[in-house]
Amino acid sequence: MTEMPKIDSVDIELPDGRLFVGGVWEEGTGAEITSIFPADGSVNRVLKGASREDGLRAIERAKAAQADPAWCGLKPHERARHLHRIADGIEANAERIARIQTRDTGKTLRETRALAASAAGTFRYFAAALETTDDALTARRGDALTMSVYEPLGLIAAITPWNSPIASDAQKVAPALAAGNAVLLKPASWSPLVSLELARIVEESGLPKGLFSVLPGAGREIGNLLVEHPDIAKVSFTGGTETGRMLARQAAEKLMPVSLELGGKSPTIVFADADIEQALAGVLYGIFSSTGQSCIAGSRLFVERSIYDAFVTRLVAATKALKVGHPHASETQVAPLVHPSHRDGVARMVSDAVAAGAKVLCGGTAPEGADYEGGAYYLPTILAGVTNDAQICREEVFGPVLVVLPFDGEEDLIAQANDNAYGLACGIWTRDFPKSWRIGRAITTGTVWVNIYKQFSISTPFGGEKDSGTGREKGREGIHAYMAQKSFYVDLTGAPLPWAAAQVAS
Ligand code: NAD
């Protein structure tokens with residue numbers, strides 16, 4: 001175990017816990033929510049979440065604001081200015097946002113600073129995309145001018161998980177506002193504070209009141225209301241597969257579009273011809289950064305059999321050398337998990353795997369010592385000795401747990417990698433580019449990384465296949481996901497349609 005690094009303990013004032021209900025700061029009237037600092041279990045804030053009544057008020061205010069010409073009458077470049085002002089606010093408050101998110105989630109400051117910067121970039125990207133998105137004249141096949149235009153859907157519910165709130169919030173809020181909608185954001189109950197801070201920044205940016213709400217609260221109360229309410233035109237959801245499946249069923253009832261960014265059990269693949277140092281660093285980062293609490297975590301590692309023993313030996317040694325520690329310490333690589341109950345769930349999945357025959361190569365327990373007391377820590381863990389059909393290879397752990405598996409040749413690899421309900425991401429390490437192309441094309445997945453992992457760009461679409469979800473976020477088309485397409489036919493002849501021309505001739 002490594003020594004606990006020095007801790008930077010600058011104090012910040014946290015949001016006071018009131019909700020942002022259609023542009024008005026109000027105490028919630030729903031079930032109580034407790035945000036804790038997972039590094040030591042101390043309480044950040046106890047707040048009342050949003051009730052159905054709070055949600056209904058937010059919806060009424062959002063409807064009025066969305067229909068107001070002060071918003072719906074804006075030209076794209078005018079709406080883009082609002083997004084730039086929100087980005088300015090995020091940049092000006094980036095350190096505060098990072099520290100609030102670290103308190104809410106236990107993520108390292110290094111990571112939350114990067115997430116704040118990426119959130120600002122997301123607003124700027126969609127401002128630019130909005131200004132450069134064209135309606136289309138379509139090819140004429142008759143005597144009418146034909147056009148395809150895009151219009152806002154109206155009210156969007158954005159439902160987000162706790163693992164990277166400011167980034168996942170921005171990924172939905174920016175394109176939905178750019179598209180001219182109003183947005184009701186429901187963050188997860190473990191991480192309400194950073195989304196409430198985003199509300200403060202949006203308010204200060206001068207966005208018309210009512211267009212944005214932040215409604216933390218119980219999924220079955222406020223979440224349900226947002227999905228079922230007839231005035232909500234689309235739900236954009238990021239979270240667990242079972243929750244997503246349930247929302248999709250509810251959405252089907254009112255024929256509402258949903259986009260679903262769900263879980264993963266992503267394969268990372270190391271061929272014998274890979275640059276081994278590059279592969280080791282990529283595999284470690286892919287699974288253990290963010291303490292494994294990442295939908296795209298590379299949690300199933302396939303290593304070509306001829307290098308399996310040597311590679312796994314080096315991987316285990318490097319994993320044991322990772323710095324597990326306080327999220328405020330600059331050297332920390334593996335911070336606590338989001339909550340003690342989540343840490344206990346991860347520990348349970350590991351002990352179930354061991355009971356089913358898995359061998360622990362490293363980790364498999366919480367770190368010991370006074371520095372870790374009260375914190376939701378768990379050591380980076382590598383398991384071996386199971387086959388791809390074991391439960392631990394099938395289920396998402398959402399923690400720092402990697403399963404290693406050998407493979408023999410491309411056919412065996414592709415069969416094993418695809419034999420899983422999820423299809424979110426995949427990493428391939430090889431020096432043979434045509435091989436990486438063949439494998440990447442053969443694996444059912446939303447994203448392929450070759451000799452690199454967990455790198456994101458807002459300009460590149462992201463989403464999953466199979467149980468990892470439907471729809472894509474990011475990219476220029478990200479705005480159209482929040483718009484309705486309308487077709488226009490405009491007569492060019494000035495004459496009555498021939499079919500009834502005789503009857504209408506005077
Ligand atoms: P979760 O499904 O428990 O919750 C996600 C959100 O849904 C929360 O805001 C929650 O309160 C809300 N919710 C729960 N029940 C609801 C209901 N009945 N109606 C409406 N809303 C409801 O997920 P989580 O534990 O917060 O997050 C972890 C999961 O998110 C993991 O499975 C992870 O893979 C997934 N995730 C996916 C992506 C992606 O882009 N694919 C990104 C991050 C996280």
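Small disclaimer: the values here were computed from a predicted structure and weren't measured. One-based numbering, in listed order, for ligands and for the atoms of each.
Although no hydrogens or angles enter the test, the distance criterion places no donor-acceptor pair under 3.5 Å between the side chain of N418 and the main chain of A415. S290 contributes no side-chain N or O that, together with a main-chain N or O of G292, makes up a donor-acceptor pair within less than 3.5 Å. Formation of a donor-acceptor pair under 3.5 Å by the T243 side chain with backbone atoms of G239 is not found in this model. Put simply, the side chain of Y372 gets close to the backbone of V324: a donor and an acceptor are under 3.5 Å apart.
Using cut-offs of 30° and 60° for the angle between ring planes, the F407 and F302 rings count as perpendicular. The aromatic rings of F398 and W162 sit perpendicular to each other, their planes meeting at more than 60°, with 30° as the lower class boundary.
The single protein non-hydrogen atom nearest to atom 39 (C) of ligand 1 is C295 SG, 3.2 Å, given as residue, atom name and distance. Remark: minimum distance from atom 35 (C) of ligand 1 to any protein heavy atom is reached at G239 O, 3.1 Å. Distance from atom 33 (C) of ligand 1 to its nearest protein heavy atom, with residue and atom name: F398 CE1, 3.1 Å. Shortest contact from atom 37 (C) of ligand 1 to any protein heavy atom: L262 O, 3.0 Å. The single protein non-hydrogen atom nearest to atom 44 (C) of ligand 1 is N163 OD1, 3.4 Å, given as residue, atom name and distance. Closest protein heavy atom to atom 27 (O) of ligand 1: P161 CB, 3.2 Å. The protein atom (non-hydrogen) at minimum distance from atom 23 (O) of ligand 1 is G240 N, 3.3 Å. What sits closest to atom 2 (O) of ligand 1 on the protein, heavy atoms only, is T243 OG1, 2.6 Å.
Every atom of ligand 1 with a heavy atom of G263 under 4.0 Å away is listed here by number and element: 32 (O), 34 (O). Near F237, meaning under 4.0 Å from any of its heavy atoms, are these atoms of ligand 1: 2 (O), 5 (C), 6 (C), 7 (O). Those atoms of ligand 1 with a heavy atom of W162 less than 4.0 angstrom away are 24 (P), 25 (O), 26 (O), 27 (O). Near T160, meaning under 4.0 Å from any of its heavy atoms, are these atoms of ligand 1: 6 (C), 8 (C), 9 (O). The atoms of ligand 1 that sit less than 4.0 Å from any heavy atom of T238 are 5 (C), 36 (N), 37 (C), 38 (C), 39 (C), 40 (O), 42 (C), 43 (C), 44 (C). Heavy-atom proximity to K186, at under 4.0 Å, picks out these atoms of ligand 1: 9 (O), 10 (C), 11 (O), 12 (C). Heavy-atom contacts of I159 reach the following atoms of ligand 1: 6 (C), 7 (O), 9 (O), 12 (C), 20 (C), 21 (N) (cutoff under 4.0 Å). Near P187, meaning under 4.0 Å from any of its heavy atoms, are these atoms of ligand 1: 9 (O).
Under the 4.0 angstrom criterion, atom 4 (O) of ligand 1 counts as lacking any protein heavy-atom contact.
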Audit row: K186, E221, salt bridge (charged side-chain N to carboxylate O under 4.0 Å, His left out) steps and yes/no: CA-CA 11 Å; K186 195 210 92 58; E221 191 173 7; over 6 Å; no
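Taking a cutoff of 4.0 Å between a charged side-chain nitrogen and a carboxylate oxygen, R348 and E395 do not qualify as a salt bridge.
In summary, of the residues considered (N420, D419, N388), a side chain to side chain donor-acceptor pair (under 3.5 Å) with R394 occurs for D419 alone.
One side chain, S236 or Y482, offers a donor N or O that lies under 3.5 Å from an acceptor on the other. S195 and D169 are linked by a side-chain donor-acceptor pair at a separation below 3.5 angstrom, with hydrogens and angles left out of the test. In the model, T108 has no side-chain atom that pairs as donor or acceptor with a side-chain atom of R113 under 3.5 Å. In this model, a donor atom of one side chain and an acceptor atom of the other lie less than 3.5 Å apart for S289 and K454.
Distances from atom 17 (C) of ligand 1 to the heavy atoms of S294, G464, G219 show the closest one on G219.
Contacts of E396 with ligand 1, taken as heavy-atom pairs under 4.0 Å, involve the side chain alone.
Residue-to-ligand polar distances keep L424 apart from ligand 1: every N/O pair is separated by 3.5 Å or more.
The closest approach between a heavy atom of F462 and any atom of ligand 1 is below 4.0 Å.
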